[in-house]
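Atoms within each ligand, like the ligands themselves, are counted from 1 in listed order. What's counted below: heavy atoms across the whole structure, side chains too, no hydrogens, waters or symmetry copies.
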Amino acid sequence: MKTLKRIVAGILSTALLLGMTSCATTKQTEAPADAAAFTTIESGKLIMATNAFFPPYEFYEGEKIVGIDVEIASAVAEKLGLELVIEDVEFDSIIAGVQSGKYDIGCAGMTVTEDRLKSVNFSTPYATGIQSIIVAEDSEIKDIDALLGGDYKVGVQSGTTGDIYMTDDIGEDRIERFSKGNDAVLALTSGKIAAVVIDNEPAKAFVAANAGLKILDTPYTVEDYAMAINKDNVALKDAINQALKELTDDGTIAAIVNKYIPAEG
Ligand code: GLN
């Protein structure tokens with residue numbers, strides 16, 4: 001079954017990438033990232049594209065965009081001697097923008113997929129995501145098989161892995177696309193759709209903020225989050241990976257994740 005294959009693929013890719021990280025460790029410990037070796041779109045700046053409606057990875061606190069991705073990207077930028085500039089854009093425009101040289105990185109709880117790897121490079125993964133299923137508390141949908149097997153309408157955020165994989169599994173006719181995950185959740189609360197498939201951490205935040213919803217125990221997929229980087233800018237990818245490695249080794253990334261997701265830290 002596709003779902004199980006994806007979960008296994010997620011675990012395997014995490015293992016593979018962790019393996020790759022440790023190879024990179026041996027190779028790169030001698031020298032720190034060489035600031036002269038990479039270029040960015042605007043000198044001295046690291047332009048990050050995100051979609052700031054994805055708590056706790058990126059969300060607005062007043063006028064300010066904060067969250068796990070923002071803090072990890074700013075720690076990376078600082079290591080590289082760059083100023084982080086955040087652009088809040090539609091999620092499904094991020095990969096194209098990185099590919100066309102509009103943004104240096106896409107950092108948006110972005111899942112590494114084979115399809116996206118055709119358009120961009122990805123950094124070393126820095127987090128794991130799970131596609132979760134949100135339903136009404138009294139829903140007759142008890143698990144993923146019931147959801148897939150019925151004729152329920154499912155809400156997704158446009159262009160996300162939840163959208164891509166669900167469309168693949170249940171077909172266009174049963175999919176309702178929303179530009180923001182929260183709008184999908186609102187459609188669920190008003191009974192327009194039967195479920196929302198979305199990443200687990202925003203799912204928890206949306207369920208906490210809206211009465212009468214719950215997350216099913218069975219996950220849909222397990223995925224790796226990483227930063228998308230232009231394929232031609234291999235030097236930037238190497239420098240970012242080196243910075244991520246240092247930030248992992250000294251506990252900075254774990255501390256950032258713990259700050260926003262205390263129970264799982
Ligand atoms: N992890 C999902 C994806 O990459 C969703 C990310 C998001 O909505 N910001 O497609």
Over 12 non-hydrogen atoms of neighbours within 6.0 angstrom of CD in Glu137: yes
Minimum non-hydrogen distance to atom 4 (O) of ligand 1, winning option of Ile130, Val156, Thr111: Thr111
Of all protein heavy atoms, the one nearest atom 7 (C) of ligand 1 is Phe54 CE1, 3.2 Å
Of the protein's non-hydrogen atoms, which lies at the shortest distance from atom 8 (O) of ligand 1, and what is that distance? Gln157 OE1, 2.7 Å
Any Glu176 side-chain heavy atom under 4.5 Å of Val156 side chain: no
Taking atom NZ of Lys142 as the centre, report whether more than 12 heavy atoms of other residues, nucleotides or ligands fall under 6.0 Å from it. yes
Polar-atom distance check: Arg116 versus ligand 1, any N or O pair below 3.5 Å? yes
Would you say ligand 1 has an N or O under 3.5 Å from any N or O of Gly109? yes
Considering residues at least two apart in sequence or located in another chain, which fulfil the side chain to side chain contact (heavy atoms under 4.5 Å, CB included) criterion with Lys259? Glu71
If every non-hydrogen atom of Ile65 is compared with every non-hydrogen atom of Ile86, which pair is closest and at what distance? CD1-CG2, 3.9 Å
Considering only heavy atoms of Met110, which atoms of ligand 1 have at least one such atom less than 4.0 Å away? 4 (O)
Numbered atoms of ligand 1 (with element) below 4.0 Å of Tyr225, judged on heavy atoms: 1 (N)
Sub-3.5 Å N/O-N/O distance, Thr161 and ligand 1: yes
For Asp69 and Tyr225, does a side-chain donor sit closer than 3.5 Å to a side-chain acceptor? no
Contact (N/O only, under 3.5 Å) between Thr160 and ligand 1: no
Any idea which of Ile94, Asp69, Asp199, Asp92 brings a heavy atom closest to atom 5 (C) of ligand 1? Asp199
With sequence neighbours left out, which residue pairs that include part of residues 115-145 fulfil the ring-ring contact (aromatic ring centres under 6.0 Å, His included) condition? none
Report yes or no: do Gln131 and Asp199 form a side-chain donor-acceptor pair below 3.5 Å? yes
Could you tell me the residue and atom name of the protein heavy atom closest to atom 9 (N) of ligand 1, and the distance to it rounded to 0.1 Å? Ala108 O, 2.8 Å
